[in-house]
K.L.:
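Sharing a structure, written as C-alpha cells. Questions coming.
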Amino acid sequence: QVQLVESGGGLVQPGGSLRLSCAASGTIFSVNFMGWYRQAPGKERESVATITNGGTTNYADSVKDRFTISGDSAATAVYLQMNSLKPEDTAIYYCRVFALRNDYWGKGTLVTVSS
C-alpha cells in the first residue's frame with residue numbers, strides 16, 4: 001500500500017515561512033489532483049490548496065497570495081510554500097493524492113505559528 005509522508009512542519013514566528021513536502025512511498029497511477037488540507041484544534045478539516053495533473057491550482061481565500069502549491073504528479077510529490085504565516089495558520093497539515101482508483105492521505109505534519 002502506497003503511503004504519503006509529509007515533512008517540513010514546525011514552529012515559526014508570525015510573518016515567517018515554511019515549506020511543506022509530501023512524497024509517496026511508491027508510484028501512484030492516474031493522479032487526478034494533489035492537495036494540502038489542514039485541521040486546526042476544534043475545527044473541521046479544510047482545503048488549503050490543490051493542484052490538478054494539468055497544473056491548475058486552487059487556493060482557500062485565507063491563504064491566497066501567501067501560499068503556493070506545486071507538484072510533480074510523475075513523482076507523486078507535492079509541496080506547499082507558506083509565506084507571511086499568521087497564528088491562525090496553526091494546524092495539522094495533511095497531504096492528499098486523489099487518483100482514479102484510490103484516495104491517499106498522509107498522517108499530517110504540525111505547523112505552529114507563534115511568537
Side-chain angles (χ1 to χ4, degrees):
Q1 179 72 7
V2 175
Q3 295 183 331
L4 301 181
V5 180
E6 302 102 332
S7 61
L11 173 64
V12 64
Q13 292 187 342
S17 298
L18 282 175
R19 179 176 169 85
L20 304 184
S21 299
C22 172
S25 60
T27 302
I28 300 177
F29 297 97
S30 303
V31 173
N32 188 320
F33 68 87
M34 302 182 289
W36 289 94
Y37 296 70
R38 69 185 181 188
Q39 187 166 17
K43 295 187 177 181
E44 293 188 354
R45 189 175 297 188
E46 62 175 354
S47 175
V48 175
T50 59
I51 182 167
T52 69
N53 61 358
T56 300
T57 58
N58 188 60
Y59 296 92
D61 288 342
S62 59
V63 306
K64 279 180 182 177
D65 301 322
R66 297 190 298 123
F67 290 9
T68 302
I69 188 171
S70 59
D72 179 354
S73 60
T76 319
V78 58
Y79 309 95
L80 187 68
Q81 178 67 41
M82 304 186 296
N83 299 327
S84 303
L85 282 161
K86 304 175 180 180
E88 50 263 44
D89 295 318
T90 295
I92 298 174
Y93 284 71
Y94 298 89
C95 170
R96 180 187 187 189
V97 175
F98 186 82
L100 180 63
R101 293 185 174 87
N102 282 293
D103 189 3
Y104 301 89
W105 288 85
K107 293 183 178 181
T109 184
L110 178 62
V111 171
T112 303
V113 184
S114 176
S115 55

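These numbers come from the heavy atoms of this one structure, side chains and all, not from hydrogens, waters or symmetry mates.
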K.L.:
Quick check against the 3.5 Å criterion: does S25 have a side-chain atom that pairs as donor or acceptor with the backbone of Q3?
P.N.:
yes
K.L.:
To the nearest 0.5 Å, what is the distance between OG1 on T109 and CG on L80?
P.N.:
11.0 Å
K.L.:
Under 4.5 Å between side-chain heavy atoms, counting indirect links through other Ile/Leu/Val/Met/Phe/Trp/Tyr residues: same cluster for L11 and F67 or not?
P.N.:
no
K.L.:
Find the distance between CZ (R101) and OG (S30) and round it off to the nearest 0.5 Å.
P.N.:
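Here the interatomic distance stands at 6.5 Å.
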K.L.:
Nearest heavy-atom pair of S21 and W36: which atoms, and what distance?
P.N.:
O-CH2, 3.6 Å
K.L.:
Can any side-chain N or O of S115 pair as donor or acceptor with the backbone N or O of Q13 at less than 3.5 Å?
P.N.:
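Not at all, since once roles are kept as given, no pair shorter than 3.5 Å links the two residues.
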K.L.:
If you define the side chain from C-beta out and look only at heavy atoms, does anything of Y59 sit under 4.5 Å from T68?
P.N.:
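Y59 reaches T68 side chain to side chain.
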K.L.:
Got a second to check how far F98's CZ is from T50's OG1, nearest 0.5 Å?
P.N.:
12.0 Å
K.L.:
Are F33 and V63 linked, directly or through other ILVMFWY residues, by side chains that come within less than 4.5 angstrom of each other?
P.N.:
no
K.L.:
Going only through I, L, V, M, F, W and Y residues with side-chain contacts under 4.5 Å, is there a path from M82 to V12?
P.N.:
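Yes; V12 is reachable from M82 via cluster members.
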K.L.:
Answer yes or no: are there more than 12 heavy-atom neighbours, outside D65 itself, under 6.0 Å from its atom CG?
P.N.:
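Atom CG in D65 is not packed in, count stays at 12 or less.
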K.L.:
Determine the minimum heavy-atom distance between S47 and A60, stating which atoms define it.
P.N.:
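Distance-wise, the nearest heavy atoms are O-CB, 3.5 Å.
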K.L.:
For the atom pair CG (N102) and CG (N32), what is the distance rounded to the nearest 0.5 Å?
P.N.:
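Answer rounded to 0.5 Å: 13.0 Å.
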K.L.:
Given side chains that start at C-beta, do those of V31 and V97 come closer than 4.5 Å, heavy atoms only?
P.N.:
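The answer is yes; the side chains approach within 4.5 Å.
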K.L.:
Run the numbers on K86 and D89 for salt bridge (charged side-chain N to carboxylate O under 4.0 Å, His left out), then give the verdict.
P.N.:
CA-CA 5 Å; K86 304 175 180 180; D89 295 318; over 6 Å; no
K.L.:
Kindly state whether the ring of Y94 and the ring of Y37 have centres lying under 6.0 angstrom apart.
P.N.:
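Between Y37 and Y94, which both carry aromatic rings, the centre distance is not below 6.0 Å.
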K.L.:
For Y93, run the side chain to side chain donor-acceptor pair (under 3.5 Å) check against Q39, R38, E6 and tell me which one passes.
P.N.:
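Exactly one pass, corresponding to R38.
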K.L.:
I would like to know whether I69 and V78 meet side chain to side chain contact (heavy atoms under 4.5 Å, CB included); could you show each step before the answer?
P.N.:
CA-CA 7 Å; I69 188 171; V78 58; 3.9 Å; yes
K.L.:
Applying a strict under-4.5 Å side-chain criterion to I, L, V, M, F, W and Y, I'd like to know whether W105 and I92 cluster together.
P.N.:
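Shared cluster, yes.
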K.L.:
Taking atom NZ of K107 and atom SG of C95, what is their separation to the nearest 0.5 Å?
P.N.:
13.5 Å
K.L.:
Membership question, hydrophobic clusters at under 4.5 Å side-chain separation (ILVMFWY): are M34 and V2 in the same one?
P.N.:
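Same cluster: V2 reaches M34 through Ile, Leu, Val, Met, Phe, Trp or Tyr contacts under 4.5 Å.
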K.L.:
Give, for atom CG of D72 and atom CD1 of I51, the distance between the pair rounded to the nearest 0.5 Å.
P.N.:
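Between atom CG of D72 and atom CD1 of I51 there are 9.5 Å.
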K.L.:
Please find the pair of heavy atoms, one from N83 and one from S17, that lie closest to each other, and give the distance.
P.N.:
OD1-OG, 2.9 Å
